[in-house]
Amino acid sequence: MKSCRFLIACVAAAFAVSFNASAHDTSSQSDPKIVAYYIAWGPTRGYQATDMDGTLVTHINYAFADIRGGKIVVADPATEITKYDNFGKLRQLKKKHPHLKTLISVGGWSLSKEFSNVALTPATRARFADSGVAFVRKYGFDGVDIDWEFPVSGGAPGNAERPEDKQNYTLLMKALRDKLNAAGKKDRKHYLLTTAIGISPSFLPNTEMDKVAGIVDFVNIMTYDFSGPWSKYAGHLAPLHADPSIARDNAPQLSVSSAVDKTIEAGVPANKLVMGFPMYGYSWKNCGAANHGQHQDCGGKGQGTWEEGALDSSDIQARLVNKNGFTRYWNDVTKTPFVFNAETGEFVSYEDPESFDEKIKFLKSRQLAGAM
């Protein structure tokens with residue numbers, strides 16, 4: 001594990017060994033899912049969908065489609081379709097790797113503004129669901145992934161929000177499931193329906209995840225972003241367990257293990273729950289020196305690869321792990337690495353093969369469906 005060059009290769013290798021299952025066979029619920037995202041803006045950062053190694057994953061979520069006029073639409077067709085042909089390249093990748101399933105992810109943090117509106121009535125739900133069927137048929141996807149961030153509350157400023165989102169989220173998923181099933185009968189295939197869910201303390205009370213879990217093929221839990229450069233103090237991006245010795249605010253309740261266990265308690269079967277693994281890091285600057293910067297007040301966002309405060313995993317490994325004044329540390333309670341520059345006060349929380357190994361052990365212990 002620790003010699004893996006690429007993090008996703010570590011995850012794929014661990015699943016192949018741990019579950020004794022092939023990533024090329026997703027026919028049964030017990031086969032592990034290895035879900036990866038391809039971002040719409042990937043070509044602007046130097047990689048195409050065809051650059052992905054299709055042998056390492058079972059599902060690819062394309063992020064993100066938008067909602068306009070009550071329908072699922074391409075967010076930026078001039079760039080995504082005309083200029084870069086992202087969907088065409090995904091189809092090329094699937095042709096090379098027939099086991100791959102691709103899903104269009106709708107929403108995300110920036111494009112969830114209209115979910116409450118499209119979920120509001122039977123008519124708006126039907127319109128939205130029909131557009132989902134039309135989208136997957138037109139662009140060659142195998143299903144739809146709903147990333148509503150978030151029902152009732154907690155999303156980006158300006159999102160439509162209503163108390164009845166709790167029930168309407170379920171009804172929206174049911175409408176989409178029914179339409180996809182009907183289309184699948186005609187097309188002689190099973191169209192997938194999945195959803196990405198949050199880890200904040202408010203998410204489960206604001207949803208009916210036991211009912212939603214009975215509708216979807218599987219649930220992707222976003223077990224990351226427990227801390228980030230939006231916080232005034234430096235924390236761990238994805239702590240497997242909370243560390244009470246450095247806890248602040250509600251940090252004792254926030255961890256990967258707690259989020260997974262509470263989601264299962266809320267009615268999502270373990271064999272339908274896919275656990276999120278972040279492949280990036282967050283940085284802060286001018287942090288206090290105690291505990292090597294952990295949970296210390298900082299002076300804002302640190303350095304980034306493409307934007308301040310956010311770093312690609314490969315960039316962290318190449319420049320910051322025991323290099324350029326940074327020292328790599330390991331928190332044996334949270335089971336996560338971090339680097340700290342004592343001279344500048346720069347703190348970076350990230351993941352590496354060692355922390356992924358710990359997360360996969362946990363995932364196996366809970367008999368979860370896979371990794372995302």
Given 3.5 Å as the limit, does a donor-acceptor pair link the side chain of [X] with the main chain of [Y], or not?
{"X": "Ser231", "Y": "Gly228", "result": "yes"}
{"X": "Thr44", "Y": "Trp41", "result": "yes"}
{"X": "Asp352", "Y": "Ser355", "result": "yes"}
{"X": "Ser131", "Y": "Ile72", "result": "yes"}
{"X": "Arg328", "Y": "Leu320", "result": "no"}
{"X": "Ser112", "Y": "Gly108", "result": "yes"}
{"X": "Lys211", "Y": "Gln167", "result": "no"}
{"X": "Lys272", "Y": "Ala213", "result": "yes"}
{"X": "Asp53", "Y": "Thr55", "result": "yes"}
{"X": "His241", "Y": "Thr334", "result": "no"}

Tell me yes or no: between the side chains of [X] and [Y], is some donor less than 3.5 Å from an acceptor?
{"X": "Arg319", "Y": "Gln303", "result": "yes"}
{"X": "Asn331", "Y": "Thr336", "result": "no"}
{"X": "Asp51", "Y": "Gln48", "result": "no"}
{"X": "Thr124", "Y": "Thr121", "result": "yes"}
{"X": "Thr194", "Y": "Asp217", "result": "no"}
{"X": "Asp225", "Y": "Tyr282", "result": "yes"}
{"X": "Thr50", "Y": "Gln92", "result": "no"}

Closest approach of [X] and [Y], non-hydrogen atoms and distance?
{"X": "Thr102", "Y": "Gly140", "value": "OG1-O, 3.9 Å"}
{"X": "Ser116", "Y": "Arg162", "value": "OG-NH1, 2.7 Å"}
{"X": "Asp243", "Y": "Val333", "value": "CA-CG1, 3.7 Å"}
{"X": "Ala63", "Y": "Ser105", "value": "CA-CB, 4.3 Å"}
{"X": "Ala36", "Y": "Met52", "value": "CB-CE, 4.3 Å"}
{"X": "Thr223", "Y": "Ala259", "value": "CG2-CB, 4.2 Å"}

How long is the gap from [atom1] on [X] to [atom2] on [Y], to the nearest 0.5 Å?
{"X": "Asn206", "Y": "Lys166", "atom1": "CG", "atom2": "NZ", "result": "7.0 Å"}
{"X": "Asp210", "Y": "Ile264", "atom1": "CG", "atom2": "CD1", "result": "14.0 Å"}
{"X": "Phe340", "Y": "Asn291", "atom1": "CZ", "atom2": "CG", "result": "10.0 Å"}
{"X": "Leu368", "Y": "Lys364", "atom1": "CG", "atom2": "NZ", "result": "12.0 Å"}
{"X": "Phe362", "Y": "Asp357", "atom1": "CZ", "atom2": "CG", "result": "14.5 Å"}
{"X": "Lys83", "Y": "Asp76", "atom1": "NZ", "atom2": "CG", "result": "9.5 Å"}

Is any NZ, NE, NH1 or NH2 atom of the basic residue among [X] and [Y] found under 4.0 Å from an Asp or Glu carboxylate oxygen of the other?
{"X": "Asp312", "Y": "Arg45", "result": "no"}
{"X": "Arg366", "Y": "Asp261", "result": "yes"}
{"X": "Lys335", "Y": "Glu354", "result": "no"}
{"X": "Lys94", "Y": "Asp142", "result": "yes"}

State plainly whether one hydrophobic cluster holds both [X] and [Y], where clusters connect Ile, Leu, Val, Met, Phe, Trp and Tyr through side-chain heavy atoms under 4.5 angstrom apart.
{"X": "Tyr280", "Y": "Leu240", "result": "yes"}
{"X": "Trp306", "Y": "Trp230", "result": "no"}
{"X": "Leu103", "Y": "Met173", "result": "no"}
{"X": "Leu311", "Y": "Val321", "result": "yes"}
{"X": "Phe128", "Y": "Leu120", "result": "no"}

Using a 6.0 Å cut-off, check whether atom NZ of Lys189 has over 12 heavy atoms from anything other than its own residue.
yes

More than 12 heavy atoms of other residues, nucleotides or ligands under 6.0 Å from NZ of Lys89: yes or no?
yes

Is there side-chain contact between [X] and [Y], with at least one heavy-atom pair below 4.5 Å?
{"X": "Phe115", "Y": "Glu149", "result": "no"}
{"X": "Arg127", "Y": "Lys71", "result": "yes"}
{"X": "Ile197", "Y": "Asn220", "result": "no"}
{"X": "Ile60", "Y": "Leu93", "result": "yes"}
{"X": "Asp178", "Y": "Lys174", "result": "yes"}
{"X": "Tyr37", "Y": "Asp145", "result": "yes"}
{"X": "Leu111", "Y": "Asp147", "result": "no"}
{"X": "Leu273", "Y": "Phe218", "result": "no"}

In terms of relative ring orientation, are Tyr38 and Tyr62 parallel, tilted or perpendicular, with 30° and 60° separating the classes?
tilted

Is the distance between the ring centroids of [X] and [Y] under 6.0 Å?
{"X": "Phe141", "Y": "Phe87", "value": "yes"}
{"X": "Phe356", "Y": "Phe277", "value": "yes"}
{"X": "Phe347", "Y": "His292", "value": "no"}

Go through His236 and Phe338 one step at a time and tell me if the ring pair (Phe, Tyr, Trp, His ring centres under 6.0 Å) criterion holds.
CA-CA 8 Å; His236 291 282; Phe338 62 99; 5.5 Å; yes

Give the intermediate values and the outcome of side chain to side chain contact (heavy atoms under 4.5 Å, CB included) for residues Val144 and Val136.
CA-CA 7 Å; Val144 179; Val136 297; 3.7 Å; yes

Go through the steps to decide whether Thr263 and Met209 satisfy the test side chain to side chain contact (heavy atoms under 4.5 Å, CB included), and finish with yes or no.
CA-CA 8 Å; Thr263 301; Met209 282 312 302; 5.6 Å; no

I'd like to know whether Phe150 forms a side chain to side chain contact (heavy atoms under 4.5 Å, CB included) with Trp109, so could you lay out the CA-CA distance, the side-chain angles of the two residues, the decisive distance to 0.1 Å, and finally the verdict.
CA-CA 8 Å; Phe150 295 98; Trp109 178 257; 4.1 Å; yes

Run Lys301 and Glu307 through salt bridge (Lys or Arg N to Asp or Glu O under 4.0 Å) and show every step you take.
CA-CA 10 Å; Lys301 297 178 181 180; Glu307 59 187 74; 5.7 Å; no

Only one of Asp165, Thr207, Val106, Thr195 forms a side chain to side chain contact (heavy atoms under 4.5 Å, CB included) with Trp148, so which one is it?
Asp165

